[in-house]
2 protein chains.
Amino acid sequence: MESYTMLKFEKSKLHMYERKTPLTIDCGLHLTKEVLNGKWKPAILRAISMEVKRPSEILRLFPGVTRRVLNVQLKELEGHGMVTKKTYPQLPPKVEYSLTEIGWSLMPIIDAMNQWGDANRSFLEKVIKQAPKIGETSKSTCQIYRHMTVASKIG
Amino acid sequence: MESYTMLKFEKSKLHMYERKTPLTIDCGLHLTKEVLNGKWKPAILRAISMEVKRPSEILRLFPGVTRRVLNVQLKELEGHGMVTKKTYPQLPPKVEYSLTEIGWSLMPIIDAMNQWGDANRSFLEKVIKQAPKIGETSKSTCQIYRHMTVASKIG
DNA sequence: CAGAATCCACCAGGATACTG
DNA sequence: CAGTATCCTGGTGGATTCTG
């Protein structure tokens with residue numbers, strides 16, 4: 001087609017053309033994805049929403065996450081206004097995170113993700129294993145359900 | 001609260017308790033995240049759900065995505081069973097993607113993400129810009145709304 | 001227990017060019 | 001128009017160590 005020839009020889013012009021309706025018509029998808037961007041962010045938010053709010057507790061909950069990574073992601077969540085951090089000036093140090101209002105408003109989405117994954121678990125585990133590519137992520141573990149049990153026992 | 005005191009002084013007990021069912025209790029969150037893992041995956045799914053099903057159309061819709069990346073992510077989505085690919089053996093080649101049933105079942109989540117991002121756009125754009133870290137991702141553009149308009153005109 | 005500082009490996013994804 | 005092959009880089013997140 002001619003347009004292809006154009007693309008080859010008049011690339012700059014076409015480029016300009018494309019750029020005419022250029023940018024920043026971001027859809028909300030990307031904003032949300034940005035906030036949830038991080039291997040453990042949704043899980044962390046979910047944990048905090050279930051009263052697992054101390055870093056050490058969260059670490060116990062997710063054996064796969066490092067202290068550094070947890071700190072980084074918590075800091076990002078805090079920077080994005082999804083959680084607030086409360087430090088108790090005592091020894092040993094004690095820190096608690098809580099969801100902000102907007103952080104709470106994220107929970108339906110996270111719950112939906114969780115439910116969808118659970119509902120389709122067998123299928124998903126199969127196809128994800130089949131896929132040669134990123135199938136590694138499945139090594140991440142999540143003990144949140146267990147914690148719920150434990151928590152209910154504690155409570 | 002007493003539960004917290006317990007958590008402090010009988011930590012080891014709690015710890016043991018948690019560790020007893022040690023691992024691989026992946027929660028659905030990670031499965032979902034795996035499927036949606038990719039800078040453009042949700043947007044692509046959304047596009048396909050709105051009858052933007054040809055690669056060239058999708059490319060036009062998202063100026064930020066490359067052909068190669070689009071192909072990769074489409075292939076992953078196909079591998080995960082979220083979309084199916086139909087190739088028309090003709091010249092010029094024509095390809096159409098459609099959502100599978102399970103792919104469709106993902107749309108409520110994607111829509112929710114989209115709505116949440118839109119509903120909190122001003123706040124999110126502010127805090128994401130503030131955050132020194134990953135604020136770059138905002139350069140991604142999304143013309144899906146534009147396309148909707150265009151599509152309605154075309155249709 | 002909380003958290004910061006380094007160092008580092010890996011890969012997602014962008015740029016480019018070519019084929020059918 | 002669709003798809004592949006290379007090459008390259010930036011950033012995420014893992015490991016380790018040290019402080020308060």
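Chain A is the first sequence line, chain B the second, and so forth, proteins listed ahead of strands; every chain is numbered from 1.
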Round to the nearest Å and state the distance from A/Glu57 atom CD to C/dA2 atom P. 8 Å
From NZ of A/Lys85 across to P of C/dA2 the rounded distance in Å is 10 Å
I need the minimum non-hydrogen distance between A/Leu70 and A/Pro55, along with the two atoms involved. CD2-O, 3.6 Å
Would you mind classifying the nucleic acid contact of B/Pro93 as base, sugar-phosphate or nothing, using non-hydrogen atoms under 4.0 angstrom? base
Whole angstrom is fine here: how far is it from CD in B/Glu34 over to P in C/dC11? 13 Å
Across the strands shown, which category fits A/Arg67 at heavy-atom distances under 4.0 angstrom: base, sugar-phosphate, nothing? base
Backbone N or O of A/Gly38 within a donor-acceptor pair of the B/Lys33 side chain at under 3.5 Å? yes
Is A/Thr100 reaching over with its side chain to a backbone N or O of A/Gly103, donor-acceptor style, under 3.5 angstrom? yes
Answer whether the closest heavy-atom distance between the side chains of A/Ile58 and A/Ile48 falls below 4.5 Å. yes
Given D/dC1, D/dG3, D/dG14, the nucleotide with the shortest approach to the side chain of B/Pro92: D/dC1
Can you check whether B/Val35 reaches A/Val127 side chain to side chain, under 4.5 Å on heavy atoms? no
Flag, side chain of A/Glu57 to backbone of A/Lys53, donor-acceptor distance under 3.5 Å: yes
B/Trp40 CH2 - C/dG13 P separation (whole Å): 10 Å
C/dA15 P sits how many Å from B/Leu70 CG, rounded? 14 Å
When you compare the side chain of B/Ser105 with that of B/Glu101, does any pair of heavy atoms fall below 4.5 Å? no
Nearest to the side chain of B/Ser56 - C/dG13, D/dG13, D/dC1? D/dC1
Rounded off to whole Å, could you give me the CD1-to-C1' distance for the B/Ile58 and D/dA2 pair? 12 Å
Taking for A/Leu91 and for B/Asn71 the nucleotide of DNA chain D with the nearest heavy atom, the one nearer the 5' end belongs to B/Asn71
B/Gln90 has an atom CD; how far is it from atom P of D/dG3, in whole Å? 13 Å
Is the phosphate of C/dA5, meaning OP1 or OP2, less than 4.0 Å from a side-chain N or O of A/Arg68? no
What bend angle does the helix from C/dC1-D/dG20 to C/dG20-D/dC1 show across its length, from five-pair end axes and to the nearest 10 degrees? 40°
If you check the B/Val95 side chain, which of D/dC1, D/dG3, C/dG3 turns out closest? D/dG3
Look at A/Arg54 and C/dA2 and indicate whether a side-chain polar atom (N or O) is within less than 4.0 Å of OP1 or OP2. yes
Starting the side chain at C-beta, find the nucleotide from C/dT16, D/dA2, D/dC1 nearest to B/Arg60. D/dC1
Value in whole Å for how far the C1' atom of C/dA4 lies from CD of A/Gln73: 16 Å
Any side-chain N or O of B/Thr87 less than 4.0 Å from the OP1 or OP2 oxygen of D/dA2? no
Is the side chain of A/Gln73 donor-acceptor paired with the backbone N or O of A/Lys41 at a distance under 3.5 Å, no angle test? yes
I want to check one thing: is the phosphate of C/dG14, taken as OP1 and OP2, less than 4.0 Å away from some side-chain N or O of B/Lys39? yes
Any side-chain N or O of A/Lys75 below 4.0 angstrom from OP1/OP2 of C/dA4? yes
